[in-house]
Each structure stands twice: as structure tokens, then as C-alpha cells.
2 protein chains.
Amino acid sequence: MPFSIRQIAKLAGVSNATVSRVINGSDLVTPETTQRIQEIIRDLKFVPNRSAARFKNGKSQIYGAIVPDLTNPFFMETAKIFEELLVENELELLVSNTDFHLSRTQLSIHRMLLRRVDGVAFMCSEREAASLESLVQNRIPVVTTDHHRTAPGISDIVVDFRDGMAQIVGHLKELGHRDLGFIGGTDDLATSRDRRDSFLDAVVRFGLSSQDSWIMPGNFRISGGAVGMETILKQERRPTAVVTANDLTAFGALRKVHEMGLRIPEDISLTGCDDIEMSDVVYPPLTTLRISRRQYAQMLFEALQTGAEDLTQPGKVFSLPMKLVVRQSTGPAPAR
Amino acid sequence: MPFSIRQIAKLAGVSNATVSRVINGSDLVTPETTQRIQEIIRDLKFVPNRSAARFKNGKSQIYGAIVPDLTNPFFMETAKIFEELLVENELELLVSNTDFHLSRTQLSIHRMLLRRVDGVAFMCSEREAASLESLVQNRIPVVTTDHHRTAPGISDIVVDFRDGMAQIVGHLKELGHRDLGFIGGTDDLATSRDRRDSFLDAVVRFGLSSQDSWIMPGNFRISGGAVGMETILKQERRPTAVVTANDLTAFGALRKVHEMGLRIPEDISLTGCDDIEMSDVVYPPLTTLRISRRQYAQMLFEALQTGAEDLTQPGKVFSLPMKLVVRQSTGPAPAR
DNA sequence: ACCCTGAATGTAAACGGTGTCAATGAATTT
DNA sequence: AAATTCATTGACACCGTTTACATTCAGGGT
């Protein structure tokens, strides 16, 4: 039942080439012929098989996105805009979730290879990036985030945490805070180290203080934030403000603060990072660092488009700015 | 550089058919030949083009998901499990976001057609379902949710709101509530009417009361919940509990309650629907109706698998149960 | 009348696999 | 030694498009 171009051609009494030309809007065909063929196409509700077309010229017109956590709103808000950009360019989006697992990540990469996608937005950490070269070897450009490492065909987008953390710490200093804690990601990720080091750097730069027992690892998820905050709050001497590496972490921390009967920001200030939609909905609304999804998605797209042009070119580095959004989870430091 | 099966064949001094057999693990090939070819494949890092393979037998091995709002955690949590199921079955997931727009929905459907996907999980409302038949005409099975309508090749999953709302309303009655409000979805959607009618039904069944001015439309997003709750709270006579049609709506309502200086659940009780991960993180944690993502995803998958077997069979109807999850956004009704 | 030009269309070969059928040749049977 | 079987492999058509090239034919210039 799904017709082919040849069947349309037969019905119209022309060759398949002519039908193909009509479909692609070539001006080499007589208006009469064009109209006749278009009528048949319309009557039969014929839809050309674009996969076959792309297969012919070696491109799939599909981009893949490999994400560690499909349910993380930050990825999804980005993916949504990314998909819009793709659709505008007649591309499709294939998503693959890895759940932070190395083995699943490698499978994802391999599946992208099997499908011959035209580009991969790899949103996992560099720890899981083992076989990205196999994509490039197969002429598939890649864009990563916060890997701090590029290679021919592999571009990197780096979030400007140094500047972001300076904004956050500066804001807290203005509010009178001196003792800051931090809940980050798992230590084996460059982006975790990056965020933590940027934080510590800013603390020093602004002449504030922190201490090892207030610097907690996390997992970029709600659960990690809760555990980290619990550990911090159980200590005899506590920071008056806690900075976290992403909003989900902050949410977990926030819940834990409530559970332990403390108030935000009266007893302790809390900040996040990403500014996902929910940040404005939790109580109290979260002071956080915003990363523009649109800017991010556009960088992903641009990196893959330019990457495809010449895979022997060294990958580019894009810098993604952060912007402080002050809400109600930060307030004046409590008197000691 | 991306090799083809024929180049491998030439290097191995065999025909492409033999290479194909090795790739697919046929036992018709001598162990020695198999090994020799496998070595070449490994050395050259050759990855067969699965799209070409599937193209040959007319299947793309890709399922499409059309969702109205990619950032809605409920969809994403479902999509995540759905994708897992697909991967286990050597299928891929193509996502398409419509932002609740009719025109974008039709474009999405058309793109699924262009790509000849093997099935479509259509998670938008029936209002946007105009051209679903075009999919079936092209032998693509479809599964919808809460359309309350099936057709050959189109199955429907219906969420059991009747039972769910009875659980919620029963719970509120036990807490002493008598006057209940409701914030739903847009009135032109069957699922909105369904949820609202189920609510009203339960109110009557349990001998409680409501009134027109407490029954607000919404949009299944945070913004709609905020607007709806504001309208309810501004009235002279207020309900003591408000039931909402999904968690995002409840989040918006919750924020509005805070903004107006009221407390939950002391001043007003609030319930959601879906039980997304954030429901346990907002303050206070939300009493809600849980829909099992796994069950939902499995139904989607099963519907498409069985739908593909025979597209002339009438579509099936699946029923998805709901389960009350009591948290802290509901409490005893305030004394009048 | 003849050649040339160029527009409109047709022909056929790709693209990268799969799968059917035929061919080969060694081993077994008679 | 001839016939038969069977395991292994090869040749080739096919899936639905695109596209380089060939063909046709009408009209214009000489």
C-alpha cells in the first residue's frame, strides 16, 4: 500500500525520474506534467520515502543526542529547542538515554554508528566518552560539553563556571556570608572538578572561607543533594550558605533542609545552577545560575553543522555564559 | 571511509553475500572463513549500515513519539522507559515535540510518514489527531492516550481517572473536607473533560460539594495552575481543598498559594496527578495520583507491537490504573 | 532541406545491504 | 567409476530514491 515513486510514474505514464523531479520541485518539468503528477500524488496520498532518498546520498538527515538522564529538565529543555532547530533544517532527532552507565553509553554510540546519523550531541561526561573517535572515523561529527578536550571532528562547549561561580559567591558575600559549603558532582568527572574548583577559586578571590568537610560530592540528581546537605548540616560548625552544582542537587538539599526543620534563607542560603523551570516553583524559589537553553542548543547545532564540513579540522571550543538569577533561597547571613 | 560490505568482501576475497552472512551470524559459513572476515571487520572497525539493512526489508526499526511538551517530566519519565524497551528490541526512538500546536502536530505526523517509522506513540490530545489515519494508511500502527476512540490500527490507552478521582476525593472526605475545587486542562480536550467529569462524579458519589466557580480550566502546565488557583482564592467563599489534573498544574497552584500568604495544608489542601519525581521535592510534598511509567511505557510498546501484526484489526483499549500517594499537601480541613 | 540548440523526458546505474537461487566441489553412496 | 548428497559460496536482483547521461523532438538559423 505505501506507494513507490515508480508506481506513481506508471500511473502518470512517465518515468520515475520525472516524478522524482516533480517531488523535488525541479523546474525542468513542464507545468502540465507537473500538475498531472501532483494530482496523482495528492489523490493517492503518496508520501515519498525520505529515508530511501537520504540513504541514496549517504546521509540519514538524523542527528543523535546521547544524554545521561532523559528526565533531567535541563537536558530536555535544551533538547526541545535543539529539536526545533533540527526540524527547521529537515533533520530528525534520535534520542538515547544512558542512565550514567558506561556500557550503555558505548552501546548508544554504537547504535548511532549503525544508524549512520549525521552528527551526535554527546551530553554525557568525558568518562563515558571512550569510543567517540569511532564516530569521527565514520565521518560523524560530535559535540561534547565540558570535556575540556577536543579532537578533529569533536567540538566542545564549555560552560563558563569560573564567571558563574564568581557571580554566585559575589552575591553571597554582599549578603554577608563568609562561610560557604558546596555540593558538586561525582569526582571522576571533569565537569564536577571544574565546578568545584571554580567555586573554591571564587571563594579565595572574594576572601571568603570554606573547609573540606563542607565540600561534598553529589551526583547531579536530587538524591545526591539530599545526602550532601545532610552531611553538611550534621556538623557542629556549619556554613551559612551552600552552593550546588545544579538545580536538581539544590532541590534535594532544599528538601533535606526542610526535613531537618531549618528554614531557607533565614537559617541557611542555598543556590543552584541551570535555572530549570522548576527552580521558580519550589519553595522558596531558587537563586541560581541560568544557562540559556537556546544559546546552548544553537551551539550544539552550529558545532555539528560546521563540524560536518571538514572532519579533519580541529574541533572548536564554544563558551557558554552563565547569568545569576536572584530569587528567595538566598538571604542575609544569619547572625552568629 | 565508512566501508561497505562489498569492500570487506573484496579484501577477504569472498562475495558480499558471505560477509552479510557472517555479520548476521549465519551458521552456513565455515569457521575459518567466518574468522577471517571477522578479523578484517575488526581491523577496519567496519560497522554495517543498519538503516540500509532495514530499508531493504521495508522496515525502519524506528518508532516515533509525538509529545506535546518535551519538558513535561511525566512524558520524559515515560519516554525514558519506552526507549529502554525499544533498545532491548533493536529499535530506535525518534522524538518530536509539538508545543500543543495543531500545525506542528500535523508536521510531526507527516515527518513520521516521510521516515517510514514502524509505529507512532501519539501522546497529544485527540484535538490534534486529525491526520492519524494517514499513518495507518501507510501501514504504521498508532497508539494514543485518552482519546476514547479507536480505529483499525489505532489503539488507545485510557487512564482510569474515575477510580483515581474516587481515591482522591475519598481521601479528602476522610480528612473532613466538604468543599472541593478543581483545576483541569483546556476544555476542548477529551482528557480534560474526562478528568473533570470523573472529579465531579466522585464529589457527588461521596456526598461532598463543589460549585462552578471552583472548577477552573488549566493547561497542564505550571502557568495554568497558578492562574486557576488565583481565581479560586480571590473568591469570597473558598473550597478547603483543590484537586488538580496534573502535577505541574498543582505546582503552579502551590506557588500561588504561597504567594498569597496561605499555608498548605493548614489553610488549603492540594492534590496533583501523575506523581512526577518533583512531587516529592516541592514543599510541601504533594499528595497525588501515581501513574506507573513502566506500565504506561509497556502498554505503548505492546500496543504498537500487536498493532503492527494486523492493521485491519480494530485497535485495542488498554486501561491504566492510578494509585493514591499521600504526602503532606493534604491535611485535615480547617475549621470554618 | 539540414544542422544545431536546448528544453523535456527517459534510461540505467548507483547507494548498502538481504536473500534467493545457482554453482561448485568434496564426501558419500551404489 | 558414476551418481547423489550436502555444505559452502557466489551471482544477482531487489528495496525507493537520485542523478549523470542519453534520447527525443520542436523550433530557429543557414
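Because the structure is a prediction, the values reported are computed rather than measured. Heavy atoms only: backbone and side chains are in, while hydrogens, waters and symmetry mates are out. Chain letters run A, B, ... following the sequence lines, proteins first and then strands; every chain starts at 1.
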Output a table of nitrogen or oxygen pairs between the protein and nucleotides 10-13 of chain D separated by less than 3.5 Å.
unit_1	atom_1	unit_2	atom_2	d
D/dG10	OP2	B/Ser15	N	2.7
D/dG10	OP2	B/Ser15	OG	3.2
D/dG10	OP2	B/Thr18	OG1	2.8
D/dG10	N7	B/Arg21	NH2	3.0

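Of the residues in residues 34-51 of chain B, not one comes within less than 4.0 Å of DNA chain D through any heavy atom. Scanning residues 23-33 of chain A for heavy-atom distances under 4.0 Å to DNA chain C yields A/Leu28, A/Val29, A/Thr30, A/Thr33.
If you check the side chains of A/Asp156 and A/Thr144, you find a donor sitting under 3.5 Å from an acceptor.
The distance between the ring centers of B/Tyr296 and B/Phe301 does not fall below 6.0 angstrom. Close placement of the B/Phe55 and A/Phe55 rings is indicated, their centers lying within 6.0 Å of each other. Taking the six-membered ring where the residue is Trp, the centroids of A/Phe100 and A/Phe220 are separated by 6.0 Å or more.
In this structure, CZ of B/Arg116 is placed 9 Å from P of D/dG16, rounded to the nearest angstrom. Rounding to whole angstrom units, CD1 of residue B/Ile5 and P of C/dA14 are separated by 18 Å. Rounded to whole Å, the distance from CD1 on B/Ile8 to P on D/dT9 is 17 Å. Taking atom CG of residue B/Asn57 and atom P of nucleotide C/dG17, one finds them 14 Å apart after rounding to whole Å. The distance from atom NZ of B/Lys59 to atom P of D/dG16 is 12 Å, rounded to the nearest whole Å.
B/Arg21 places no side-chain N or O within donor-acceptor distance of the main-chain N or O of B/Val29, the cut-off being under 3.5 Å.
One finds a salt bridge joining B/Arg104 and A/Glu84 here, because a Lys/Arg side-chain nitrogen approaches an Asp/Glu carboxylate oxygen to under 4.0 Å.
Using cut-offs of 30° and 60° on the angle between ring planes, the pair B/His147 and B/Phe122 is perpendicular.
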